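Owing to the predicted nature of the structure, the values given are computational and were not obtained by experimental measurement. Naming: A, B, ... by sequence-line order, numbering from 1 per chain.
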Amino acid sequence: MKYSYFPGCTLRNKAKNLDDYARACAEKLGFCLEELTDWQCCGGVYPLGADEIASKLPSVRALNAAKEKGQDLVAVCSACYHVLKRVNDDMANVSDMQTRANNYMALSEPYTGETKVLHYLEVLRDVVGFDNLKKQVVNPLTGRKIGAYYGCLLLRPSSVMAFDDPENPTILEDFIRALGAEPVVYPYRNECCGGYISIKEKEQAGALCEKITQSAAGYQADCLVTACPLCKYNLSKNSDLPIVYFTELLAEALGIKEVQE
Amino acid sequence: MRRIGVFVCHCGSNIAATVDVKKVVEMALLEQGVVHAEDYPYMCSEAGQSRIAEAIREKQLEGIVVCSCSPRMHEATFRKCAERNGLNPYLVEIANIREHCSWIHKDMQEATEKAVILMRAAVAKVHLNAPLLAGESAVTKRALVIGGGIAGIQTALDIADAGYHVDIVEKEPSIGGRMSQLDKTFPTLDCSACILTPKMVEAASHENITIHTWSEVEKVSGFVGNFTVDIRKKARYVNMDKCTGCGICQEKCPSKKPLNEFNRGLNNRSAIYTPFAQAIPNVPVIDASACIKLNTGKCGICEKFCQAGAIDYKQQDEIITEQYGAIVVATGFDTIKLDKYGEYAYNESKDVITSLELERIMNAAGPTKGHLERLSDGKAPKEIVFIQCVGSRCSDDRGKPYCSKICCMYTAKHAMLIRDKYPDTNVTVFYIDVRTPGKNFDEFYRRAVEDYGVNYVKGQVGKVAPQPDGSLLVHGVDLLENKQILKKADMVVLATAIEPNPDVRKIATMLTASIDTNNFLTEAHPKLRPVESPTAGVFLSGVCQGPKDIPETVAQAGAAAVKVIGLLAKDKLKTNPCTAKADELRCNGCSQCANVCPYGAISYETKQVNDHGIREERRIAVVNSALCQGCGACTVTCPSGAMDLQGFSNRQIIAEVDAICR
Amino acid sequence: MNKVDEIKQISGVNPLKCMKCGKCSASCPSFNEMDIKPHQFVTYVVNDDVEALANSKSAWKCLSCFACIERCPRNVQPGKLIDAARQILIRQRGQEGLSADEIPALLDEDMPQQLLMSAFRKYRR
């Protein structure tokens with residue numbers, strides 16, 4: 001199975017682990033991530049204003065490129081996935097956005113939301129299958145108690161993201177279980193880490209992250225797993241709890257990355 | 001050419017403010033055959049009707065068009081007026097220039113144009129109206145009540161006391177419904193069972209009432225006064241005549257896994273069970289999916305211990321067919337599923353419960369024998385948080401848009417009872433509004449605050465976070481203080497929205513009774529006919545029509561009974577003469593009309609016909625006018641145009657269309 | 001167009017749908033940082049009080065975590081209104097919440113590009 005792949009700016013720089021292991025594990029699991037040529041940054045945040053067009057165009061270009069290749073579009077970073085999926089929803093359902101973006105892009109065939117946007121985790125769940133993934137694990141992460149940290153962008157707004165139950169998601173827990181570790185369920189796994197506020201308001205982000213990591217620690221988690229570089233940054237700055245990308249765990253379990261203790 | 005009179009109603013300003021009624025009169029006088037036209041502020045008034053009467057007499061009118069409100073409002077009024085004055089009532093046509101025109105348009109010129117067109121269509125039609133005569137049909141003097149909760153029981157008792165026989169069909173093993181699950185009732189705090197069970201006993205022992213529990217309505221045909229209903233009596237596997245209700249079977253049954261529905265799944269019951277101690281009938285049923293004997297052939301313990309020899313594993317479902325003159329729907333409600341409200345952690349914590357579950361916990365016959373305790377660890381809760389409007393008043397796709405109406409009061413009740421019995425337990429209620437319209441209701445709520453110290457906080461809860469120590473951290477807001485509130489609670493109770501029993505869709509379809517977008521049954525008129533369905537002979541009782549508390553339910557149940565009694569008291573009913581009729585010369589016996597007829601009113605006869613001198617035998621459709629409801633499905637289906645609906649003939653419809661397109 | 005209509009247009013939200021339940025404010029992780037709370041924000045828009053909104057800290061404190069949008073039972077989506085108020089500010093010269101000159105002092109070696117990108121989009125035109 002081949003997918004168009006949108007790595008995003010951070011995965012090329014500070015979050016190389018997220019990217020490298022995603023590709024290596026895909027190869028091991030039998031699917032192929034074909035990086036889009038000339039992709040542009042998604043912008044990091046989805047522009048909420050109903051009149052915003054220009055800031056959504058990089059996403060439309062990526063979505064259309066995948067359409068032209070006849071492939072689903074996969075992202076690993078929560079923010080890229082969020083922005084791509086929401087812009088795609090606009091292109092499918094908001095006629096004003098559809099018209100104006102297509103007028104500007106002047107494609108040979110208008111883009112109207114045809115591409116399916118998938119998060120890497122969805123490929124693991126729905127295509128590879130967690131049962132099948134479990135069979136391919138060579139270094140089961142037995143004995144480790146891992147808390148899933150979802151944050152905001154994968155889940156909300158659920159009417160568009162339709163990724164998992166927005167309040168009590170299970171996909172990362174099932175993933176952790178497939179790797180042989182024990183998922184730790186704690187109530188703040190979908191609460192905000194502070195996001196971009198940490199550029200200036202370090203204290204505010206700090207307080208939010210503390211609430212999250214203390215809640216996880218209270219339930220005996222010995223590490224947290226995330227799909228978002230910004231979440232990882234904020235949480236790491238404010239806690240001693242190790243914060244890892246889900247692709248790192250995957251790579252460990254599949255024997256691609258050396259096992260960390 | 002018929003002599004037609006046109007009467008244009010102002011309906012005060014309802015029509016006249018948007019439609020130029022004088023213009024409509026002026027245009028009417030230009031129509032062929034119209035010999036009289038006038039307008040009047042209230043045509044339906046006595047004065048308005050006497051003007052119609054005068055015109056009929058003085059102008060020798062042979063047809064009337066009234067331009068007014070919907071025929072559902074006043075067609076009958078004007079038809080009676082015509083009849084009193086010697087004109088066949090079916091020579092009256094209504095042009096609906098209110099609901100179809102003035103109420104939905106703003107521009108006077110456009111609305112007037114449309115009103116004129118509607119008038120013209122009606123004039124064109126009335127020229128072709130035939131003077132029809134209503135037939136008569138007999139009334140079966142027996143009523144069916146679907147649902148055996150307090151609504152159904154009260155309706156049945158009132159009908160039965162008037163001397164008519166009533167059957168109650170209840171899908172559960174016992175009558176009693178939701179009220180039997182309640183512990184105390186507001187605003188008097190009397191015990192629910194204490195006031196319900198006498199009524200259950202009265203219904204069971206009433207000579208005019210037959211109760212079919214563990215039964216469901218399977219099929220309904222016929223029409224007002226003459227319904228035929230198939231009732232499925234599900235296999236009980238217990239002989240009702242032999243069982244003494246001793247209960248030994250339930251005690252000895254080794255299959256104890258099934259969730260106890262009566263206790264909202266909070267504990268378990270045996271495979272053979274009666275839902276509660278005061279069940280009527282006091283005869284258990286075997287849950288076939290959980291019975292070891294029925295699934296594996298082994299066991300048979302209940303049979304062994306039954307002294308009366310009442311156990312019968314071979315019992316089969318049985319269909320009985322009964323005739324009724326009237327049907328009352330009293331199918332009640334359930335609480336909504338909370339799967340979409342993950343923020344309240346209902347599925348994550350055993351100590352987050354619905355109010356109906358709390359009702360069972362507070363009840364002496366409930367899973368905790370009436371002790372208020374946490375289901376997770378059996379400890380007594382010291383801090384309880386109530387959250388109002390969970391799933392009510394929502395315009396998103398998670399909840400219901402309506403107010404569930406009963407939650408404010410039962411929450412005040414719960415809070416008060418807890419503070420009374422457990423004074424060192426604190427109670428906090430998060431509310432959006434406290435709605436207490438009802439006799440002694442607000443006084444009741446104020447007592448909870450003033451005498452029992454219940455802490456009411458105006459604001460909602462955003463999230464309930466289960467903590468490692470087993471407590472629940474409630475993230476709320478106090479809008480009056482403008483502060484976020486973090487409250488550690490031992491138990492959280494959700495005032496969960498109610499919705500009509502999901503089975504109601506199936507039943508409404510069988511009865512051709514209409515339901516709204518929330519699955520509540522629709523009234524014939526929301527104000528003036530609140531207990532009747534638009535389908536003649538079908539009546540509404542209880543929450544199936546809209547959220548209501550016990551006193552309102554009982555009042556509505558009585559009102560529905562009165563309507564049923566009024567119907568059953570008649571020996572004959574006038575039938576609608578607007579029924580279908582087949583043209584023998586055109587019918588080719590293809591059966592398509594019979595296939596689409598929802599009332600089973602069409603059959604076939606082989607008949608001698610004389611087709612322009614050629615005599616031959618043909619298979620021809622025959623309509624039973626007693627069964628035909630005049631829906632017109634057959635007329636549009638008939639490929640040869642042989643089927644016609646009297647009062648709405650093809651010629652009449654085409655004449656209307658022609659007039660509109662003129 | 002006046003500013004309130006502009007907020008309604010940019011957000012695509014009808015604030016009149018609000019029934020004042022406060023679930024947004026109960027859910028907001030920035031509640032304590034805001035001078036005008038999320039549920040009040042909706043009321044201010046209804047009451048045309050743009051002056052107060054423009055001067056409030058709230059527009060800069062919203063995290064766009066979408067908790068209020070997810071949980072609002074009336075589909076009012078206060079987060080979109082707050083974002084629209086911020087848009088109106090940053091679309092005016094000199095009103096940005098972050099200037100390029102500030103950046104070097106804020107950087108650290110772990111900071112992901114995503115943070116800079118997001119902050120620029122949220123605080124500047």
| said: Does any backbone or side-chain atom of A:L208 lie under 4.5 Å from a heavy atom of chain C? Answer side chain, backbone, both or neither. | reply: side chain

| field | Residue part contacting chain C, namely of A:K232, when any heavy atom lies under 4.5 Å | value | neither

| Can you tell which of A:E201, A:R12, A:E191, A:K200 has the highest number of heavy-atom pairs within less than 4.5 Å of chain C? | A:K200

| field | Proximity breakdown for A:C193 and chain C, heavy-atom pairs closer than 4.5 Å | value | neither

Side-chain polar contacts of residues 238-245 of chain A - donor-acceptor pairs under 3.5 angstrom, sequence neighbours left out - could you list them?
residue : atom : partner : partner atom : Å
A:N238  : ND2  : A:N234  : O            : 2.8
A:S239  : OG   : A:L241  : N            : 2.9

| query | Which residues in residues 40-70 of chain C have a heavy atom less than 4.5 Å from any heavy atom of chain A? | reply | C:W60, C:K61, C:C62, C:L63, C:S64, C:C65, C:F66, C:A67, C:I69, C:E70

| task | Can you run down the salt bridge (charged side-chain N to carboxylate O under 4.0 Å, His left out) pairs that involve residues 75-86 of chain A, sequence neighbours left out, and say none if there aren't any? | result | none

| If you count heavy-atom pairs under 4.5 Å with chain A, which of C:Q87, C:Q9, C:R86, C:R71 comes out on top? | C:R71

| Side chain, backbone, both or neither: which part of A:S236 has a heavy atom under 4.5 Å from chain C? | neither

| message | What part of A:K237 gets within 4.5 angstrom of chain C, counting heavy atoms only: side chain, backbone, both, or neither? | response | side chain

| request: Tell me whether the guanidinium CZ or amine NZ of A:K14 lies under 6.0 angstrom from the six-membered ring centre of A:Y233 and within 45° of its axis. | output: no

| said: Does any backbone or side-chain atom of A:P157 lie under 4.5 Å from a heavy atom of chain C? Answer side chain, backbone, both or neither. | reply: both

| field | Neighbours of chain A found in residues 97-122 of chain C - heavy atoms under 4.5 Å | value | C:G97, C:L98, C:E102, C:L106, C:D108, C:E109, C:D110, C:M111, C:P112, C:Q113, C:Q114, C:L115, C:L116, C:M117, C:S118, C:A119, C:R121, C:K122

| task | Fit a plane to each ring of A:Y46 and A:H82, take the angle between them on a 0 to 90° scale, and name the class: parallel (under 30°), tilted (30 to 60°) or perpendicular (over 60°). | result | perpendicular

